[in-house]
Amino acid sequence: MQRSLRILMCASALTAPALLASPALAQTGGEGAEVAELVVTALKRESNLQDVPAAISAVGGPELEARGISQPSDLQFVVPSMQAGRLLGQTAITIRGVGLNQGAPGVAIHADGVYQPRPSMGDLTQIDVERVEVLRGPQGTLYGRNANGGVVNFISRAPGDTFEGYILGSYATYEDSRIQGVINVPVNDRIRVRLVADRWQRSEGFVKNVIPGGQDVDKGKSASARLRVQVDVTEDLTWDVAAYGLTASGPTSYFTLYNTPTPLSVSRNPYLANAIVPLKPRRNSANDLIAANREFGGASSTLTWELGEAQLKAISGYSRIADREDRDDDSINVSAFPAHRRERARTFTQELNLSGSLGPVEAVVGAFYMRDHKYEVLDYDFFLGIFPLPPNSDLFFETYKNLSKAYAVFGDVTFNLSDKARIIGGLRYSKDKQSVAQRNYLQFGNLAPRTITCPLQTNDVTFNSTTPRIGAQYDVSEDSNLFATYSKGFKVGGFNFSACNQQFRPEKVTSYEAGWKNRLLDGALTLNVAAFYYDYTDLQLNQTVGLTSLITNAAAARVKGVEVEGAWRPDRHWTVNANVSLLRAKFTDFRNVDSLAPARGAQDVAGNYLSNAPKTSINVGVAYRSDPILAGGPITARADLSYRSKIYFREFNDPLDAQDAYAILNAALIWDSPDGTYRVRAFATNLTGEDYIVRMGSSDNFGSRFVSWGAPRQIGLELRANF
């Protein structure tokens, strides 16, 4: 009954914008009742969000702050068709059922125009953000590799011409605290500087250990900072340079078991029979150390040269990241799989693009280069043995060099046939070269010689891709337009880290999309609709079989759906944001063996649902801002409700592979001082205390699914002082 009421509440809220479009209610907009227009750079040039012929959601800084959104996973409660969750310390994002992190992220993350090539970089805390732009659907033409699901652009606040800043502090349950400071300094007429620093700590873990004295997990601390300097070199040339860094630590690389070990796994490893497997949400019985340390640093440079009707940009980025993890990879009270992982990576990217207009033609052309180098080692200590290895065995997977080089050229053109009609065409050619030097070996005791299971070898592969975009757009009126596009996406293949010369193929998607964008009621209501159809081939899926975790390719899948997204301001007090997604994402050609049920043999999963692709997802946000009523200042009350229908996390669609339908309610109460100097924000997230799974994997070693859970209820207070 409770779930039915929640669905009814969501559906009722979503029907409101449509009802308000009727003539009888057209006069409800009052003074100041207008949805703010957002300018976005999602298509590599500035455009009004409502004029862009693509499914894009943009969330401005004030809304991010009011909702308490500070990391990529929070965006799923705002953006249509988006799912996000952490497992083993990494956040994976899917959009319209496409994405995840097998091999590489399938949703590309960009920060101030700089591509972030690995999941952990997109997982860094985003602070002092001007806006976030989420492009839904494959973005192979303008963004290239690994953007099959879409793109998330984080745009930080640029240095301004006014001396200003703020100090923010917050505290929430689970001993969760944050202090943040920003200062903006105009050095002179040409130079502006903005510095932001952030310190976060959660001392009480979300996941409790049922063993007396055992380590609780999913807590930690981080410190980060960003210095951004903007220089007007000449009247037409601007140089924007930034340096940033982060250090983080805590037991964040973990999972919990979701079912007791299978009889087959117990027969192979008898010590599992005595394992304590707590099945209550956010519980484990881990007895080995869980710890993670991350050091990240980088710099970016953007030169912008105004050339009359054209603009030339040179965007450079460099970053280094080091991860050190100690993991209890069985999550139970036996020392079956303690693991140690080390990774170091450095990345350089360079993009050059030229945008402008000439008569009826608007265009952007450019080139892209990336060099990414990574070293990684994963060491398993099998103190108790693991079938078929004896006790005191060590298994090492070591990649000495994983070097990726990416080259691309691209162009995207809009030809205005008239004031109302235009056609769109774009093309990108990409070449990705990989060179992987790897070695795997076993060791039976510390003094025993190594047994080489994969001799040191270097494997090289090159992937070429051509990803077009073709479409048309027609303005029905000044406030309404229709568009239709055909596009392709490409995600690179590679070599499995824990195998020997075992390659997986690139992942490809072909998209057909149509949309309708509207600005109604004198700007008080925006209402956008998108319908899409994907042909999806060679999906990259991950499965742990025996002692190796392998990425394999599913032959084909089909995704189709409809999204409705709206924002409404009936008067200057009320704001309503709502979206609904109806999705059908299914395999059409794939046979695979479930390692948790090998007796079933190769199963035909055609017709089964893709992972992280609920049939229905709904997000509704309502805010009311009062007139000055408390100490001369207004109060804003807001509530955000998100609903998801059943979600599957494995291709076999077993009942244990699913999370049943759930709803998340967040709320906030905000007071602003009359002059805007002070703000007090009381907030509650997951107010109803919903237990829900966000990620799942499986391993036949301990015969269980392993999962991570969404955050529990948190209640807190935030104070901010502007100067």
Side-chain angles (χ1 to χ4, degrees), residues 57-61 63-79 82-95 99-101 105 107-112 116 118-134 150-157 168 170 172 174 176-180 196-202 205-207 217-226 244-250 252-254 292 294 296 321 323 612 619 640 642 664 666 668 681 683-686 692 694-695 708-714 716 718:
S57 297
V59 189
E63 186 176 353
L64 294 170
E65 294 167 2
R67 294 190 178 195
I69 296 172
S70 62
Q71 53 188 343
S73 59
D74 295 332
L75 292 170
Q76 65 181 316
F77 303 126
V78 180
V79 176
M82 184 175 180
Q83 298 291 117
R86 289 168 62 91
L87 184 68
L88 287 173
Q90 305 285 353
T91 295
I93 297 174
T94 61
I95 298 177
L100 291 181
N101 291 340
V107 173
I109 304 290
H110 288 250
D112 290 328
Q116 311 296 312
R118 55 185 38 83
S120 52
M121 292 181 174
D123 206 29
L124 303 176
T125 302
Q126 304 295 330
I127 50 177
D128 196 36
V129 173
E130 175 68 28
R131 69 182 181 277
V132 179
E133 303 171 359
V134 180
V151 174
V152 180
N153 287 327
F154 290 92
I155 295 95
S156 66
R157 286 193 175 97
L168 178 149
S170 70
Y174 291 87
D176 195 321
S177 61
R178 164 163 272 124
I179 184 166
Q180 187 179 109
V196 53
D198 181 89
R199 178 74 167 81
W200 167 84
Q201 182 167 338
R202 184 165 65 238
F206 285 163
V207 176
V217 297
D218 203 359
K219 57 184 178 179
K221 59 184 179 180
S222 68
S224 59
R226 179 176 63 241
Y244 38 85
L246 175 141
T247 178
S249 62
T252 55
S253 191
Y254 74 95
R294 172 170 294 164
F296 174 76
I321 190 166
D323 281 342
N612 295 273
N619 300 311
D640 297 283
S642 294
I664 300 297
N666 299 331
R681 176 176 172 268
F683 60 90
T685 57
N686 192 3
Y692 62 102
V694 294
R695 292 286 308 281
S708 59
W709 297 87
R713 178 193 301 113
Q714 280 192 283
E718 179 182 278

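One-based numbering along the sequence shown. All values reported here derive from a predicted model rather than from experimental measurement.
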Novice: Would you please say whether a donor-acceptor pair under 3.5 Å links the side chains of Ser642 and Asn619?
Specialist: yes
Novice: Quick one: pull up OG in Ser708 and CZ in Arg695 and give me the separation to the nearest 0.5 Å.
Specialist: 6.5 Å
Novice: Would Arg178 and Ser70 satisfy side chain to side chain contact (heavy atoms under 4.5 Å, CB included), going step by step from the backbone distance to the final call?
Specialist: CA-CA 11 Å; Arg178 164 163 272 124; Ser70 62; 4.3 Å; yes
Novice: Would a 4.5 Å heavy-atom cut-off, applied to side chains only, mark Asn153 and Val132 as touching?
Specialist: no
Novice: Tell me whether Glu133 is salt-bridged to Arg131, with the criterion being a basic N under 4.0 Å from an acidic carboxylate O.
Specialist: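 Yes, Glu133 and Arg131 are salt-bridged.
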Novice: Can a salt bridge be assigned to the pair Asp176 and Lys219 using a cut-off of 4.0 Å between side-chain N and carboxylate O?
Specialist: no
Novice: Spell out, as yes or no, whether a donor-acceptor pair under 3.5 Å connects the side chain of Arg226 to the backbone of Gly245.
Specialist: no
Novice: Look at Arg157 together with Glu65 and state whether they make a salt bridge at an N to O cut-off of under 4.0 Å.
Specialist: yes
Novice: For the residue pair Ser156 and Asp112, confirm or rule out a side-chain donor-acceptor distance under 3.5 Å.
Specialist: yes
Novice: Determine whether Ile664 and Gln76 satisfy the following criterion, side chain to side chain contact (heavy atoms under 4.5 Å, CB included), listing intermediate values before the conclusion.
Specialist: CA-CA 11 Å; Ile664 300 297; Gln76 65 181 316; over 6 Å; no
Novice: Check whether the side chains of Asn686 and Gln714 place a donor and an acceptor atom closer than 3.5 Å, and report yes or no.
Specialist: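 Not at all, the side chains of Asn686 and Gln714 share no donor-acceptor pair under 3.5 Å.
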Novice: Closest heavy-atom contact between Arg294 and Gly89?
Specialist: NH2-O, 4.2 Å
Novice: Is the closest side-chain heavy-atom distance between Leu75 and Met82 below 4.5 Å?
Specialist: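 Answer yes - side chains close enough.
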Novice: Considering non-hydrogen atoms only, spot the tightest contact between Asp198 and Gln180 and give its length.
Specialist: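 Minimum heavy-atom separation between Asp198 and Gln180: OD1-NE2, 2.8 Å.
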Novice: List in chain and number order the residues that pass side-chain contact (heavy atoms from CB on, under 4.5 Å) with Ala108, two or more places apart in sequence or in another chain; answer none if no residue qualifies.
Specialist: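 Listed in chain order: His110, Tyr115, Ala147, Val151.
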Novice: Over all heavy atoms of both residues, which pair between Ile127 and Ser224 is shortest? Give the atoms and the distance, please.
Specialist: CD1-OG, 3.7 Å
Novice: Tell me, do Phe77 and Ile69 make a side-chain contact under 4.5 Å, heavy atoms counted?
Specialist: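 SC-SC contact between Phe77 and Ile69 ruled out.
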Novice: Does Ser177 offer a backbone N or O that forms a donor-acceptor pair with the side chain of Arg199 under 3.5 Å?
Specialist: no
Novice: Which heavy-atom pair separates Ala711 from Phe206 by the least distance, and what is that distance?
Specialist: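 Minimum heavy-atom contact is CB-CE1, 3.8 Å.
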Novice: Could you give me the CA-CA distance, side-chain angles and deciding distance for Asp640 and Arg67, then say whether side chain to side chain contact (heavy atoms under 4.5 Å, CB included) is met?
Specialist: CA-CA 8 Å; Asp640 297 283; Arg67 294 190 178 195; 3.3 Å; yes
Novice: Anything under 30° is parallel, anything over 60° is perpendicular, the rest tilted; go ahead and classify Phe296 against Tyr244.
Specialist: parallel
Novice: Quick check: closest heavy atoms across Ala248 and Leu246, and the distance to 0.1 Å?
Specialist: CB-CD2, 3.8 Å
Novice: Any side-chain heavy atom of Glu718 sitting closer than 4.5 Å to one from Leu168?
Specialist: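 Yes, at least one pair of side-chain atoms sits under 4.5 Å.
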Novice: Between Glu63 (side chain only) and Gly60 (backbone N and O only), is there a donor and an acceptor less than 3.5 Å apart?
Specialist: no
Novice: Apply side chain to side chain contact (heavy atoms under 4.5 Å, CB included) to Val207 and Tyr254, showing your working.
Specialist: CA-CA 10 Å; Val207 176; Tyr254 74 95; 3.6 Å; yes
Novice: Considering all heavy atoms of both residues, which atom of Ile93 and which atom of Pro72 are nearest to each other, and what is their separation?
Specialist: CD1-CB, 4.0 Å
Novice: So, Arg681 side chain and Ala66 main chain: donor-acceptor pair closer than 3.5 Å or not?
Specialist: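 Yes; at least one donor-acceptor contact below 3.5 Å.
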Novice: Do Tyr174 and Pro712 have side chains that get closer than 4.5 Å, going by heavy atoms?
Specialist: yes
